[in-house]
Amino acid sequence: MVLGRSFEDMCAQMYYRGKMFGFVHLYNGQEAVSTGFIKLTKKEDSVVSTYRDHVHSLSKGVPAREVMSELFGKATGCCRGQGGSMHMFSKEYNVLGGFAFIGEGIPVATGAAFSSRYRREVLKQADCDHVTLAFFGDGTANNGQFFECLNMAALWKLPIVFVVENNLWAIGMSHLRATSDPEIWKKGPAFGMPGVHVDGMDVLKVREVAKEAIGRARRGEGPTLVECETYRFRGHSLADPDELRDPAEKAHYAARDPITALKKYILENNLATEQELKAIHKKIDELVEDAVEFADESPLPPRSQLLENVFADPKGFGIGPDGSYRCEDPKFTQGTAHV
């Protein structure tokens with residue numbers, strides 16, 4: 001959780017210094033959800049995120065250097081600088097993408113869960129017990145893809161956990177004003193799967209619920225819908241002045257900071273000393289500083305990369321096996337793009 005918080009705080013600094021471009025959505029305040037769920041997964045398990053995806057990637061094991069480089073648009077990023085803030089992806093760590101449009105990641109996650117069951121039951125890969133976690137927000141829970149995929153997942157008993165990160169605000173719209181029944185977890189039983197509500201500011205409570213939901217999925221008992229009631233400490237994105245939310249509401253949730261709460265629990269139960277916790281913070285600060293240094297010094301992607309990964313052709317549209325452009329006019333790309 002400390003890594004997620006420190007990393008996002010550094011992102012804010014780098015964004016305002018002009019090192020990052022486009023929209024950048026930070027995860028501050030919601031770390032208990034990412035940590036509570038993803039730290040229970042295996043490397044082979046899949047995670048599908050939203051546009052608020054940096055910390056999900058870090059929790060899954062993607063190195064901070066690769067995530068920061070991606071935010072800087074550098075060739076050493078986890079998507080070679082082509083994804084940016086909202087489109088983190090890692091084949092190695094099974095992060096199947098951050099998705100900029102709300103709800104578009106849910107069908108991808110459902111497909112990943114289907115492939116796990118297909119490999120186990122049709123291809124007879126007996127050891128394939130992989131689970132998929134689909135993260136999305138309260139606003140997404142009113143979208144069509146959500147309902148369609150809940151139905152399919154329940155019908156086919158897919159190994160997936162739908163994790164609603166209900167931070168109470170869909171950009172600038174209060175969840176209470178946008179949803180006829182604000183208790184999202186109730187939509188689970190409507191489709192024949194368990195629905196659970198948990199305090200998303202308490203990592204231990206989240207972990208307890210996650211353990212049961214992931215266990216059910218791994219045992220072949222089907223999907224679970226988990227609503228984690230949490231709160232983001234910053235605006236919707238770094239371009240949001242955050243003037244719509246009541247200051248008293250923000251102060252209430254700031255007082256329930258999941259990192260502060262866990263630290264208090266650890267100290268009260270003698271699980272670690274103050275010095276040991278300070279050492280963790282120091283280690284994380286060094287890790288994040290190293291990630292920024294690495295990203296800053298990394299090269300920009302070559303111009304030829306623009307035409308790669310456009311179509312299924314492994315070399316990319318218009319690029320021949322020898323690396324040269326295959327089109328009628330060999331100068332066809334010259335002067336059209338400058339990175």
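Basis for what follows: all heavy atoms, side chains included, without hydrogens, waters or symmetry-related copies.
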*Under 3.5 Å: donor-acceptor pair, side chain of E104, backbone of F101*: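 Answer holds: yes.
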
*Would you say H130's side chain and S46's backbone share a donor-acceptor pair under 3.5 angstrom?*
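The answer is no, because no donor-acceptor pair under 3.5 Å joins these two groups.
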
*Considering all heavy atoms of both residues, which atom of K74 and which atom of S298 are nearest to each other, and what is their separation?*
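Shortest heavy-atom separation between K74 and S298 comes out as NZ-O, 2.9 Å.
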
*Are N28 and E8 close enough that a side-chain donor and a side-chain acceptor fall under 3.5 Å?*
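Checked: N28/E8 side chains show no N/O donor-acceptor pair below 3.5 Å.
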
*Working for side-chain contact (heavy atoms from CB on, under 4.5 Å), residues L3 and L287*: CA-CA 9 Å; L3 171 60; L287 184 71; 3.7 Å; yes

Is the number of heavy atoms from other residues, nucleotides or ligands under 6.0 Å of [X] [atom1] greater than 12?
{"X": "R219", "atom1": "CZ", "value": "yes"}
{"X": "K250", "atom1": "NZ", "value": "yes"}
{"X": "Y118", "atom1": "OH", "value": "no"}
{"X": "K42", "atom1": "NZ", "value": "yes"}
{"X": "E289", "atom1": "CD", "value": "no"}
{"X": "E208", "atom1": "CD", "value": "no"}
{"X": "K43", "atom1": "NZ", "value": "yes"}

I want to check something: taking the side chain as every heavy atom from C-beta on, are [X] and [Y] in contact at a cut-off of under 4.5 Å?
{"X": "D45", "Y": "R218", "value": "yes"}
{"X": "E70", "Y": "M88", "value": "yes"}
{"X": "E229", "Y": "E183", "value": "no"}
{"X": "Y15", "Y": "C11", "value": "no"}
{"X": "K60", "Y": "S90", "value": "no"}
{"X": "H54", "Y": "S85", "value": "yes"}
{"X": "Y27", "Y": "V33", "value": "yes"}
{"X": "L168", "Y": "Y253", "value": "yes"}

*Do V206 and V209 belong together in a cluster built from hydrophobic side chains that touch within less than 4.5 Å?*
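Yes, V206 and V209 fall within the same hydrophobic cluster.
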
*asked:* The test is salt bridge (Lys or Arg N to Asp or Glu O under 4.0 Å); show your working for D290 and R65 and say whether it passes.
replied: CA-CA 7 Å; D290 171 74; R65 280 184 163 194; 2.8 Å; yes

*Using 30° and 60° as the class limits, which term best fits the ring planes of H25 and Y51: parallel, tilted or perpendicular?*
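Correct class here is tilted.
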
*Carefully, step by step, assess D296 and R17 under the rule salt bridge (Lys or Arg N to Asp or Glu O under 4.0 Å).*
CA-CA 12 Å; D296 209 27; R17 282 175 55 186; 5.8 Å; no

*asked:* By the definition side-chain contact (heavy atoms from CB on, under 4.5 Å), identify the one residue from T110, I160, N94 that meets it with T132.
replied: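 The single option meeting the side-chain contact (heavy atoms from CB on, under 4.5 Å) with T132 is I160.
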
_Taking the ring centre of each residue, are H252 and Y231 less than 6.0 Å apart?_
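No; Y231 has its ring centre 6.0 Å or more from that of H252.
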
*Where do F89 and V95 land on the side-chain contact (heavy atoms from CB on, under 4.5 Å) test, with the steps shown first?*
CA-CA 5 Å; F89 171 86; V95 176; 5.8 Å; no

*Begin from the C-alpha positions of F135 and D53 and carry the test side-chain contact (heavy atoms from CB on, under 4.5 Å) through to its verdict.*
CA-CA 9 Å; F135 290 92; D53 56 355; over 6 Å; no

_Chi angles and distances behind the salt bridge (Lys or Arg N to Asp or Glu O under 4.0 Å) call for E274, K278_ = CA-CA 6 Å; E274 185 82 48; K278 282 182 179 176; 5.1 Å; no

